[in-house]
Amino acid sequence: MPLSSLAPAPLPVPTHRAVDSDRRRTSASAVLRSVLAHGPVARSTIARLTGLSPASVTDHCNRLTALGLIQEAATLRRSNGVGRPHVPVDLDHSRFVVGGVHVAVPYTTVALLDLRGRVVAERRLNHGEGKKEGDVLANAASGLNTLLAAAPDRVPLGVGVATGGWVDRDSGTIVEHPLLGWRDVRAREVIHALTGVPVHVDGHARALVNGERLFGRTAGGGRSLLHLFVGNVVDAAFATHDEVHHGPRSQSGAIAHLPLAGGTELCDCGRTGCLQAELSERTLCRRAREAGVVRTSDPMHVLAAAADGDPVAVRLLLHRARMVGRAAGLLLDVLNPDTVVVTEMGAVHREDCLAALREEVGPDRAAAVVPTSFPDSVLAVAGGSVALDVLYRDPLSASSSASSSRSSDSSPGTI
Ligand SMILES: [Zn+2]
């Protein structure tokens, strides 16, 4: 037998068409990201920023304009032509929106975001007693419909669904959310069936990394970024070179049961001091109730008590912030990111909590830790960022697939 017959079969060579389509997608994404970061911006500047030829930039700008994603900033110019190359272009944020759904343990947040990630409408829907997935998702879809009905001139490009726990982006499934008692919830399928627009699903820690990459304080930096989400669910996400790490079946970032030194809270898993049990808002509220600070399970009431000068509330929040700092230090040791973004109520709203958190991280790395860029709208941004990430990665197909699904929907104002 000749040796050559033992050689592995040659790898399939991508067709020219596939290569062209990849290149077109990447270039369109780079152009739209440039307009997001720098708009209004001249086409010649986009060419310099992206390394694309001026002709290619003009071509992409024409496509993006035809889709209604960008427009010439100088509105007095003729509206039907392509304009001269030096006329700046900017996002057209008057028309398109994305829907956002964030499912927390006690309530769902539904929202509409414009192309800059700004919240244009938002509603909170309490779960009430029942937290059945079918009811919660149906309420979310109906809440989005209500928001869109109140904004008839807005066109939805897609819906992003974000939640904690284990969420598999590829299958659009909430694989496991222990605090809600959900398993294998096909959120993408359910919301799509109720709305008729493309739906994308992801974990909220990853979604907020994408929000930070696109619209946050450090947007466009392209450096490594870790996001630590501390609500009732505690999880994390990591991005480097503009890519969020998912890992097999999107299981990356599950840190709920990492042991936290000094933790005293008994966890459902049977151990003591697991990160989520120690840091969760449920634990904070229970401790605050036991100390007579509040009577409710709403962590905002603990924050309000601290703002009113209750020393026990302040002490509880500072303790929690220090423990969050300890968790951030652990993750810094493992991943060594340039920036750690923390979404934690105390650190977001109180300087003393942020200072305590940073002190625990240590002086060398304290400056790397920053609170979320979206202090007043973090859950709304989480949901919407899932859809906006898809749009900015592949603007040509994301917006055209939304158009085609809308064309089969004859009822304006519903999605
Ligand atoms: Zn545990």
Original post:
Say you draw a straight line from CZ of R393 to CG of L32; how long is it, rounded to the nearest 0.5 Å?
Top reply: 13.0 Å
Original post:
Is it the case that T343 and H227 place a side-chain donor and acceptor less than 3.5 Å from each other?
Top reply: yes
Subject >> Note: D114-R116 ion pair, threshold 4.0 Å (strictly below) >> reply: no
**OP:** Could you grab the distance from atom CG of D184 to atom CD of E133, nearest 0.5 Å is fine?
**Re:** 10.0 Å
Original post:
Can E281 and R286 be said to form a salt bridge (Lys or Arg N to Asp or Glu O under 4.0 Å), step by step?
Top reply: CA-CA 8 Å; E281 288 174 350; R286 203 207 65 239; over 6 Å; no
Original post:
Any donor and acceptor pair, going by atom type alone, linking the side chain of N139 with main-chain N or O of A141 inside 3.5 Å?
Top reply: no
**OP:** Report yes or no: do D235 and H204 form a side-chain donor-acceptor pair below 3.5 Å?
**Re:** yes
Subject >> Check: S142 side chain, A140 main-chain N or O, donor-acceptor pair, under 3.5 Å >> reply: no
**OP:** Please determine if E278 and R271 form a salt bridge, counting it only when a charged side-chain N lies under 4.0 Å from a carboxylate O.
**Re:** no
Subject >> Pairing of R63 and D59 as salt bridge, 4.0 angstrom limit >> reply: yes
Original post:
Do D20 and R23 sit within salt-bridge range, that is, some charged N less than 4.0 Å from a carboxylate O?
Top reply: yes
**OP:** State whether a side-chain donor-acceptor pair under 3.5 Å links D394 with S397.
**Re:** yes
Original post:
If you look at every heavy atom in L144 and G99, which pair is closest and at what distance?
Top reply: CD2-CA, 4.0 Å
Original post:
Please walk me through it: do M345 and M300 pass side chain to side chain contact (heavy atoms under 4.5 Å, CB included)?
Top reply: CA-CA 8 Å; M345 196 187 60; M300 294 310 283; 3.9 Å; yes
Original post:
Any side-chain donor-acceptor pair under 3.5 Å between Y107 and R124?
Top reply: yes
**OP:** Look at the side chain of S377 and the backbone N and O of A380, then say whether any donor-acceptor pair between them is shorter than 3.5 Å.
**Re:** no
Original post:
Once you round to the nearest 0.5 Å, how far does NE2 of H60 lie from CD1 of I70?
Top reply: 11.0 Å
**OP:** Working to the nearest 0.5 Å, report the span between SG of C269 and NE2 of H257.
**Re:** 5.0 Å
**OP:** Using atom types as modelled and distance alone, determine if a side-chain donor or acceptor of R358 lies under 3.5 Å from a backbone N or O of V369.
**Re:** yes
Original post:
Under 3.5 Å, is there a donor-acceptor pair between the side chain of Y392 and the main chain of L36?
Top reply: no
Subject >> Check ion pair R213-D242 (N to O, under 4.0 angstrom) >> reply: yes
**OP:** For side-chain hydrogen bond (donor to acceptor under 3.5 Å, both in side chains), just list the numbers for D168 and S171, CA-CA rounded to whole Å, side-chain angles, deciding distance to a tenth of an Å, and then say yes or no.
**Re:** CA-CA 6 Å; D168 182 20; S171 64; 2.8 Å; yes
Subject >> T108 and R123: CA distance, side-chain angles, deciding distance, side chain to side chain contact (heavy atoms under 4.5 Å, CB included) verdict >> reply: CA-CA 8 Å; T108 297; R123 273 185 82 175; over 6 Å; no
**OP:** Indicate yes or no: at least one non-hydrogen side-chain atom of E122 is less than 4.5 angstrom from one of L112.
**Re:** no
**OP:** Kindly give the heavy-atom pair with the smallest separation between A187 and L137, and that separation in Å.
**Re:** CA-CD1, 4.0 Å
**OP:** Report the distance from atom CG of N336 to atom OG of S224, rounding to the nearest 0.5 Å.
**Re:** 7.0 Å
Subject >> Heavy-atom side-chain proximity of I46 to V89 below 4.5 angstrom >> reply: yes
Original post:
Under 4.0 Å between a Lys/Arg side-chain N and an Asp/Glu carboxylate O for E265 and R287?
Top reply: yes
Subject >> R183 with E176: basic N within carboxylate O range, under 4.0 Å >> reply: yes
Original post:
Which heavy-atom pair separates H102 from A382 by the least distance, and what is that distance?
Top reply: CD2-CB, 4.1 Å
Subject >> For the student: nearest non-hydrogen atoms of A321 and A356, plus distance >> reply: CB-CB, 4.4 Å
**OP:** Provide the closest heavy-atom pair for F238 versus P337 in the form atom of the first, atom of the second, distance.
**Re:** CE1-CB, 3.8 Å
Subject >> Test side chain to side chain contact (heavy atoms under 4.5 Å, CB included) applied to I255 and L331, step by step >> reply: CA-CA 10 Å; I255 56 169; L331 297 169; 4.1 Å; yes
Subject >> Any donor-acceptor N/O pair, S385 side chain to L208 backbone, under 3.5 Å >> reply: no
Subject >> Exercise: identify the closest heavy-atom pair between T50 and S34 >> reply: CG2-OG, 3.3 Å
**OP:** Walk me through it: do R169 and V201 pass the test side chain to side chain contact (heavy atoms under 4.5 Å, CB included)?
**Re:** CA-CA 5 Å; R169 176 183 61 171; V201 180; over 6 Å; no
Original post:
Just by distance, do the side chain of T372 and the backbone of P375 share a donor-acceptor pair under 3.5 Å?
Top reply: no
**OP:** Check for a donor-acceptor pair, side chain of R217 on one end and backbone N or O of P371 on the other, with a separation under 3.5 Å.
**Re:** yes
**OP:** Answer whether the closest heavy-atom distance between the side chains of V98 and V159 falls below 4.5 Å.
**Re:** no
Subject >> T339 side-chain N/O to L225 backbone N/O, donor-acceptor pair under 3.5 Å >> reply: no
Original post:
Are R320 and E344 close enough, and set up right, to give a salt bridge (Lys or Arg N to Asp or Glu O under 4.0 Å), and what steps lead you there?
Top reply: CA-CA 9 Å; R320 183 173 189 241; E344 190 266 335; 2.6 Å; yes
**OP:** Rounded to the nearest 0.5 Å, what's the gap from CG on D352 to CG on L317? Could you check?
**Re:** 8.0 Å
**OP:** In plain terms, say whether R25 and D22 are close enough for a salt bridge, that is, a side-chain N and a carboxylate O under 4.0 Å apart.
**Re:** yes
Original post:
Side chains of S94 and D92: closer than 4.5 Å at any heavy-atom pair?
Top reply: yes
Original post:
Distance-only, no hydrogens or angles: does the R326 side chain make a donor-acceptor pair with backbone N or O of A261 under 3.5 Å?
Top reply: yes
Subject >> CA sep, side-chain torsions, deciding dist, call: R188, D170, salt bridge (Lys or Arg N to Asp or Glu O under 4.0 Å) >> reply: CA-CA 10 Å; R188 180 170 67 201; D170 293 340; over 6 Å; no
